[in-house]
Amino acid sequence: MRVEQGAAPPDRSSQDLDWVGFKQFAGAFTAAFPDGRHVFDHVVTDGDTVVTIGTYEGTQTGEIQGIAPTGKRLKLSVMHLDRVVNGKV
């Protein structure tokens with residue numbers, strides 16, 4: 001899995017994550033944006049592949065990637081590409 005991190009320094013703009021790394025990243029993001037929510041406008045399936053497209057919005061009330069809480073709202077366009085194996089994403 002590759003997670004793009006726009007706030008990271010140029011030499012670390014993205015990194016490959018395994019399942020444990022992804023869970024750590026998601027946990028840190030959830031802690032920083034506790035009111036965060038995904039809204040999916042499009043869901044496309046093809047065999048075992050699922051693509052979701054929409055927005056993520058939340059308020060930064062916790063630290064994320066060394067950035068102190070700002071209290072500002074964040075709204076991002078998001079696209080997830082997932083694979084379903086044995087009924088699990």
Side-chain angles (χ1 to χ4, degrees):
M1 164 152 311
R2 182 168 293 276
V3 176
E4 298 299 326
Q5 303 176 25
D11 62 335
R12 296 189 57 204
S13 63
S14 66
Q15 61 185 6
D16 289 328
L17 298 177
D18 59 13
W19 179 240
V20 171
F22 175 76
K23 286 181 10 180
Q24 289 172 344
F25 176 81
F29 209 82
T30 300
F33 298 89
D35 65 343
R37 120 174 219 239
H38 282 98
V39 174
F40 295 117
D41 301 315
H42 303 282
V43 178
V44 181
T45 63
D46 182 17
D48 66 351
T49 302
V50 179
V51 178
T52 51
I53 301 167
T55 56
Y56 175 86
E57 190 169 358
T59 307
Q60 186 195 2
T61 60
E63 182 178 325
I64 184 80
Q65 295 180 341
I67 300 170
T70 64
K72 293 182 179 179
R73 296 284 295 167
L74 168 77
K75 185 172 184 178
L76 302 171
S77 296
V78 296
M79 182 175 74
H80 299 267
L81 175 63
D82 297 301
R83 190 167 55 108
V84 178
V85 177
N86 297 325
K88 296 182 180 182
V89 176

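Put simply, V20 and F22 are part of two different groups of oily side chains (I, L, V, M, F, W, Y) that touch within less than 4.5 Å, one to the next.
For the side chain to side chain contact (heavy atoms under 4.5 Å, CB included) test, residues two or more places apart in sequence or in another chain that qualify with R83 are D48, V85. Every residue two or more places apart in sequence or in another chain that forms a side chain to side chain contact (heavy atoms under 4.5 Å, CB included) with D35 is listed here: T59, R73. With sequence neighbours excluded, the residues satisfying side chain to side chain contact (heavy atoms under 4.5 Å, CB included) with K75 are T55, E57. Every side chain to side chain contact (heavy atoms under 4.5 Å, CB included) that V50 has, sequence neighbours left out, goes to V43, T45, T52, V84.
In terms of heavy atoms, R37 sits closest to V39 at NH2-CG2, 3.6 Å. The two residues I67 and Q60 make their nearest non-hydrogen contact at O-NE2, 3.2 Å.
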Please report, to 0.1 Å, the donor-acceptor pairs under 3.5 Å made by any side chain of residues 25-32, with sequence neighbours excluded.
| unit_1 | atom_1 | unit_2 | atom_2 | d |
| --- | --- | --- | --- | --- |
| T30 | OG1 | A26 | O | 2.9 |

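Screening residues 23-32 for salt bridge (Lys or Arg N to Asp or Glu O under 4.0 Å), with sequence neighbours left out, gives no hits.
In this structure, D41 places its CG atom where more than 12 heavy-atom neighbours from other residues, nucleotides or ligands lie under 6.0 Å away.
No donor-acceptor pair closer than 3.5 Å links the side chain of E63 to the backbone N or O of Q65.
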